[in-house]
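The structure appears right after this line, and notes come after that.
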2 protein chains.
Amino acid sequence: MQTAPLHAKTVPAASPLLAGSNPAQALLLTENAALTNGPPLLFQRLTAKEREEVLREGQKRVVYRGKMLFSQGTPHDGIFLIESGRIRVFYIAPSGREITLAYWNAGNFVGGPELFGQGQHVWSGVAATNSVVVHLTGKTLRRLIAQVPAFAIGLIEGLTFKGKCYSALAQMLGTRSVTERLAHLLIHLADTYGVKEEGAIAIGSAFTHADLAHMVGATRQWVTISLKRLQEQGVLKAEKAKIVVYDLEALHVMRGDR
Amino acid sequence: MQTAPLHAKTVPAASPLLAGSNPAQALLLTENAALTNGPPLLFQRLTAKEREEVLREGQKRVVYRGKMLFSQGTPHDGIFLIESGRIRVFYIAPSGREITLAYWNAGNFVGGPELFGQGQHVWSGVAATNSVVVHLTGKTLRRLIAQVPAFAIGLIEGLTFKGKCYSALAQMLGTRSVTERLAHLLIHLADTYGVKEEGAIAIGSAFTHADLAHMVGATRQWVTISLKRLQEQGVLKAEKAKIVVYDLEALHVMRGDR
DNA sequence: GCAAAGGAGGCAACTAATCGACACCTCGGC
DNA sequence: GCCGAGGTGTCGATTAGTTGCCTCCTTTGC
């Protein structure tokens with residue numbers, strides 16, 4: 001629960017929320033079809049005036065990379081709109097095993113699982129990069145829903161989208177082997193962050209093996225072994241903080257869609 | 001997609017939706033805390049007049065046990081309100097592996113993943129018991145949301161609840177072993193459907209081993225073996241169509257919460 | 001410059017879980 | 001009565017994935 005002080009010296013990049021850019025909403029173990037079909041971001045449904053109104057109602061908060069925004073088991077009230085940055089939402093089981101539900105980007109909201117306060121967080125949120133969020137309490141949310149109809153619609157679509165993401169994640173975890181899931185994730189990363197590089201695709205991700213493991217629901221070691229195996233097969237090459245995919249087709253075959 | 005003809009002779013029990021009963025909303029691999037904390041059913045938020053209005057807008061459909069309500073890959077439009085009965089929502093991977101997302105009871109809605117039409121079903125729905133559903137198209141939904149505010153709130157809460165269910169399922173599948181998941185499910189079944197019986201709890205479920213396997217994301221054989229193992233340990237006794245739990249505490253230990 | 005921390009990578013032992021196959025049992029229909 | 005379908009019990013082979021531990025390499029901070 002250590003959030004960074006607001007008087008900090010270095011301030012993250014300015015609000016893309018008001019600018020209205022539309023990057024991918026989230027990153028998780030799922031075909032990106034579900035993501036590209038996502039609804040417009042919550043804020044894009046609003047007029048400039050409405051946006052200002054919403055932002056005015058909330059309390060701005062800066063969260064530095066690695067700091068917790070909210071923690072599993074603590075009481076919650078309302079949601080956090082992500083103004084800039086990226087929040088990783090994850091769950092830790094009693095056994096210590098951890099699963100990343102998703103990385104949510106600017107324009108979406110995190111918190112929950114309830115909208116209107118009461119209850120405890122059943123997962124945690126940590127800043128994956130320096131981020132700025134706007135906290136809207138349950139009480140404020142109720143008022144905004146009544147006052148700004150477009151905000152209500154945006155919330156409904158956001159919730160529908162989250163439902164899609166989580167059910168897709170459950171589908172993956174319930175029916176695919178770890179190997180298939182890793183292939184899946186690599187394809188997704190290549191599609192989303194890949195840069196073409198003379199026949200190959202370079203994923204310049206900042207993800208560690210442990211990060212990848214948490215996304216596919218496996219151990220760090222297994223990811224290391226699998227990546228090594230793929231490297232031996234000539235499918236890809238893992239360099240530090242960079243994965244170069246040579247044979248995307250092979251990954252598709254591993255995933256089961258030829 | 002074989003729905004039963006409306007002129008069928010045997011008609012399922014009459015609508016508990018209008019009666020306003022409140023059974024568990026759903027059955028799935030999750031601690032029942034998430035379920036008991038669920039919001040009031042969609043219809044309980046409405047006045048009798050509003051209920052009638054909603055029911056009038058939709059098209060009633062009878063689905064017999066084992067018949068598909070909707071199928072993965074087919075285009076969809078709107079949602080199905082469950083008036084009576086129980087619908088199993090499941091996903092089949094290309095490999096043939098199947099995972100049950102949830103059994104939804106009367107009072108909830110299924111379909112999706114989108115509310116307002118467009119797109120394809122990414123999962124299937126089959127009647128677990130003879131059921132009556134009301135189909136509301138995307139167009140109708142939009143109109144109802146605008147006309148009946150309580151309906152909009154009910155939808156939001158329903159969506160939030162589904163999000164909770166699916167994320168909890170992902171948490172389970174991502175961090176627990178099959179054994180732990182089975183223990184979890186058994187505890188949940190005992191809590192929900194269990195009948196006290198001289199120190200033991202009898203679960204008179206109609207679930208086959210395959211049904212249980214689909215819920216925990218495992219194979220039928222593994223469930224058979226695990227149940228046998230538990231029986232040898234004296235934790236429970238599996239009779240046909242009935243499981244008697246002697247040592248609930250042991251299941252809690254297996255699950256990891258002492 | 002050094003020390004500490006965290007990540008990458010490797011490896012051996014182990015077990016949880018799958019896969020495929022088959023035999024059996026029970027129930028309902030003809 | 002026989003037959004077929006669907007559910008259960010079991011076996012052996014195989015693999016997928018975990019656990020625990022250890023080394024090396026970077027990065028960062030002092």
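What you are looking at is a predicted structure, and each value in this text was computed from that prediction instead of being measured. So you know, we letter chains A, B, ... as the sequences are listed, proteins then strands, and number each from 1.
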Are any of K228(B)'s side-chain N or O atoms less than 4.0 Å away from OP1 or OP2 of dT10(D)?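 Answer is yes, contact under 4.0 Å.
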Atom OG in S226(B), atom CD in Q221(B): separation rounded to 0.5 Å?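 Spacing of OG (S226(B)) from CD (Q221(B)) equals 11.0 Å.
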When every nucleotide of nucleotides 15-25 of chain C is labelled 5' to 3' by its protein contacts under 4.0 Å (heavy atoms), B for base, S for sugar-phosphate only, - for none, what sequence of letters results? -SBBSBB----
Only one of V223(B), L182(B), T100(B), I99(B) passes side-chain contact (heavy atoms from CB on, under 4.5 Å) with M215(B); say which it is.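 Option passing the side-chain contact (heavy atoms from CB on, under 4.5 Å) with M215(B): T100(B).
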Heavy-atom side-chain proximity of F109(A) to W104(A) below 4.5 angstrom: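 No, their side chains stay 4.5 Å or more apart.
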Looking only at side-chain N and O atoms, does N105(A) offer a donor or acceptor that is under 3.5 Å from a partner on R86(A)?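 N105(A) and R86(A) do have a side-chain donor-acceptor pair below 3.5 Å.
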Whole angstroms only, please: what is the NE2-C1' distance between H209(B) and dT26(C)?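 My rounded result for the distance is 14 Å.
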Between T175(A) and R97(B), is there a donor-acceptor pair closer than 3.5 Å when you use the side chain of the first and the backbone of the second?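 Side chain of T175(A) to backbone of R97(B), a donor-acceptor pair under 3.5 Å: no, none is there.
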